[in-house]
Amino acid sequence: MIASSQNVDLILPVVVVGHVDHGKSTLLGRLLFETGCLPEGKIDSIKKMINRRSTDFEWSYVMDAFKAEREQGITIDTTQIELRTGERDYLLIDAPGHEEFLKNMVTGAASATAALLVVDVVEGVRDQTQRHAYLLKLLGVQEVVVIVNKMDLVAHAKNNFMEVAKQIRSYLDELNINTQVIIPVVARDGDNLVIHSQKMPWYEGPTVVEALKALPKASLLIDEPLRLPVQDIYHFDSRRIVVGRIESGRLKIGDEVCFSPTGKVAVITSFEKWNVSQQISASAGESVAFTLDRELFIERGQIIHSTNAPHVTHDLLVRLIWFSRTPLELGSKLQVKFMTSIHQVSIASIKAVIDLKTLTSSLAERVQQNTIAEVVLHSRTPFAVDSVDELAPTARGVLFDSFNVVGGCVALAFSGMSASRNIYPTGHRISVEQRVLVNGHKSGVLWLTGLSGSGKSTLAMALEQELFKRGWQAYVLDGDNVRDRLNSDLGFSPNDRSENIRRVAEVARLLADSGSIVITAFISPYAIDRERAREIAPGAFHEIYVKAAVEICEGRDPKGLYAKARRGEISEFTGIDAPYEVPRQANLVVNTENKSVEQCMETLISYVDDAFGYVPSEQKDVA
């Protein structure tokens with residue numbers, strides 16, 4: 001049963017994070033005891049357990065729910081428990097501090113709106129402290145109370161506290177995280193948890209409970225734009241009932257709503273509830289079922305909104321944390337889930353890897369385990385998402401590889417189509433069939449890929465000449481010719497190579513739409529870029545692998561490029577210090593290693609005849 005928005009708003013979800021063994025579970029166990037929130041008999045049951053095991057009592061046992069955790073002394077999974085103070089209630093989420101369980105920490109923090117960050121006064125700011133702080137930023141948790149624990153180990157000295165407080169405040173300030181207060185405590189003994197400790201008279205700030213009460217009111221995003229991810233569509237009687245949870249905004253009967261990414265529009269006609277009187281409206285935090293004034297084809301994952309539509313794009317820049325032991329590389333194929341939508345994606349580019357100590361970014365070819373990076377996800381199906389700065393709930397995503405969680409991410413920026421661009425492509429009055437009849441052949445894109453010196457340009461120009469003699473419409477887009485003018489602003493970095501191929505594919509598609517056979521001659525070394533080119537011209541794309549080993553190509557070296565690359569005059573040269581990903585499912589392989597141009601042309605012409613030839617029996621009445 002979903003609680004009403006008023007009741008939900010009183011409960012503030014607070015995640016407790018920090019380096020392993022800095023005292024998170026101990027803090028929470030003692031805090032629950034000091035506030036009288038422990039279930040009756042809980043302490044007695046723990047004491048019986050430790051007597052059987054002949055171990056000492058630890059307040060962390062209150063939170064460590066699993067047998068494996070008690071034996072190993074670490075928190076493996078997240079544990080959630082309510083803290084009730086009379087004036088305000090909290091949902092405390094104890095997140096793992098150990099690096100191996102970082103994935104569970106992200107899971108715990110994803111639903112929180114505030115955090116307690118625990119730091120050991122002796123050990124100070126550690127790697128996991130920095131990583132957890134950055135993950136709070138990544139997930140959009142902006143309100144943080146810092147707990148400097150184990151003050152008894154430094155004789156409750158103010159100087160030690162101030163030094164650690166300076167370290168952590170400086171780091172959080174660089175992340176633009178609002179540090180509410182920094183509190184010195186001894187969690188084991190309850191110092192400064194509920195009442196001020198006499199052992200630290202120099203500290204005049206709030207206790208932990210007072211700091212929790214001062215946190216901003218839990219926001220259910222009621223005043224933000226409407227976002228309702230579609231969870232399912234039920235067919236009941238003759239009605240189609242749409243169900244989902246309102247993540248932000250309000251919804252009422254009579255509202256006109258839109259569905260992204262399709263752009264379809266409908267009006268809310270009723271809310272459906274079992275054995276409940278007529279509901280007029282609903283708001284953020286509520287799960288709803290409702291009907292529309294018209295029958296629309298709606299799918300799970302679509303986002304319902306009113307004004308201020310989410311961004312719609314095929315290419316999405318995200319900041320992610322990578323969990324898998326297998327590094328994330330350019331071209332890797334994954335699944336990503338935003339709310340209720342799941343997309344098959346590939347890694348189009350790796351923009352930066354973040355150094356958590358210096359908060360600087362650097363270029364990298366892969367992302368290692370437990371590393372934070374910014375990458376571009378490319379999807380055949382359009383994303384409908386917000387950026388984390390605009391609306392955090394719909395910006396958070398989870399990355400999967402064969403049903404295994406391998407990362408968490410938030411959306412940062414967008415490219416491609418957008419609901420607010422007001423671009424309306426105009427359709428042609430001449431059909432594809434009419435062009436085929438006039439030209440005497442079908443149209444499409446012949447994408448010749450291979451190493452420099454493999455013979456791509458030679459074969460492309462020869463094929464263009466042969467087709468021209470036949471009277472066919474054909475045109476070559478050659479790598480050097482395109483870079484001389486259209487793409488003169490691009491270099492040869494992986495990102496620039498990707499953009500070069502994208503632009504060429506778009507031009508090739510337009511020329512193919514005009515009825516031409518477009519022959520491209522590009523190294524296009526990355527499989528992901530060729531796959532994107534195929535998606536740009538679906539059904540008309542033919543990948544031709546012009547095959548020749550790098551030793552053969554370097555021996556030919558018609559442009560002297562290999563020699564320059566060997567001398568260091570050209571960097572990131574494919575085959576020397578940049579990779580070439582061999583096509584795995586090319587439509588045609590033309591091996592130029594031991595065949596003449598004439599023999600290769602016979603192979604190409606035969607393929608073109610089969611793929612593009614016009615057969616009179618296929619003629620249709622298109623007048």
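The chain is numbered in sequence order, starting from 1. Treat the numbers as computed from the prediction; the structure is a model and nothing was measured.
At least one side-chain heavy atom of Ile233 sits less than 4.5 Å from a side-chain heavy atom of Val230.
Remark: Arg227 does not engage Glu247 in a salt bridge, criterion side-chain N to carboxylate O under 4.0 Å. A salt bridge does not link Arg534 with Asp529: every distance from a Lys NZ or Arg NE/NH1/NH2 to an Asp or Glu carboxylate oxygen is 4.0 Å or more. The residues Lys456 and Asp478 are annotated as not salt-bridged, no charged nitrogen and carboxylate oxygen being separated by less than 4.0 angstrom. Ionic pairing of Glu506 and Arg503 is not present here: no N-O contact between side-chain nitrogen and carboxylate oxygen is shorter than 4.0 angstrom. A salt bridge is defined here as a Lys NZ or Arg NE, NH1 or NH2 lying under 4.0 Å from an Asp or Glu carboxylate O, and Glu581 with Arg530 fails to meet this definition.
Atom-to-atom distance recorded for Phe338:CZ and Asp386:CG is 10.5 Å, nearest 0.5 angstrom. Atom CZ of Arg319 is separated from atom NZ of Lys351 by 14.0 Å, given to the nearest 0.5 angstrom. Note that the CG atom of Leu451 and the CG atom of Leu561 stand 12.0 Å from one another [nearest 0.5 Å]. With values rounded to the nearest 0.5 angstrom, Ile354 atom CD1 is found 8.0 Å from Ser362 atom OG. Annotation: the span from Ile304 atom CD1 to Ile298 atom CD1 amounts to 6.5 Å, rounded to 0.5 Å. Once rounded to the nearest 0.5 Å, the distance linking CD of Gln599 with CG of Leu604 reads 12.5 Å.
Judged by distance alone, the side chain of Ser524 and the main-chain N or O of Phe522 form a donor-acceptor pair under 3.5 Å. Checking side-chain atoms of Ser379 against main-chain N and O of Thr381 turns up a donor-acceptor pair under 3.5 Å. A donor-acceptor pair is defined here as one N or O able to donate and one able to accept, closer than 3.5 Å; no such pair exists between the side chain of Asp401 and the backbone of Asn404.
Nearest approach of Glu543 to Gln585, heavy atoms of both residues: OE1-O, 4.0 Å. Taking every heavy atom of both residues into account, His441 and Gly515 meet most closely at CE1-O, 3.3 Å. Here the closest non-hydrogen pair linking Leu391 and Ser248 is CD2-OG, 3.5 Å. Considering every non-hydrogen atom in both Val546 and Gly455, the closest pair reads CG1-C, 4.2 Å. Minimum heavy-atom separation, Arg435 to Ser514: NH1-O, 3.3 Å. Here the closest heavy-atom approach between residue Val318 and residue Ala411 is recorded as CG1-CA, 4.2 Å.
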Handout entry: Worked verdict on Glu390 versus Ser387 for side chain to side chain donor-acceptor pair (under 3.5 Å)
Key = CA-CA 5 Å; Glu390 294 170 333; Ser387 73; 3.2 Å; yes
Practice task
Decide side chain to side chain donor-acceptor pair (under 3.5 Å) for Thr449 and Tyr580; before the verdict, give the C-alpha distance in whole Å, the side-chain angles of both, and the deciding distance to 0.1 Å.
Solution key: CA-CA 10 Å; Thr449 175; Tyr580 177 79; 2.9 Å; yes
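Residues His542 and Tyr607 bring their aromatic ring centres within 6.0 Å. Aromatic ring centroids of His343 and Phe383 lie under 6.0 Å apart.
When the shell of 6.0 Å around CZ of Arg485 is examined, it contains 12 or fewer heavy atoms from other residues, nucleotides or ligands.
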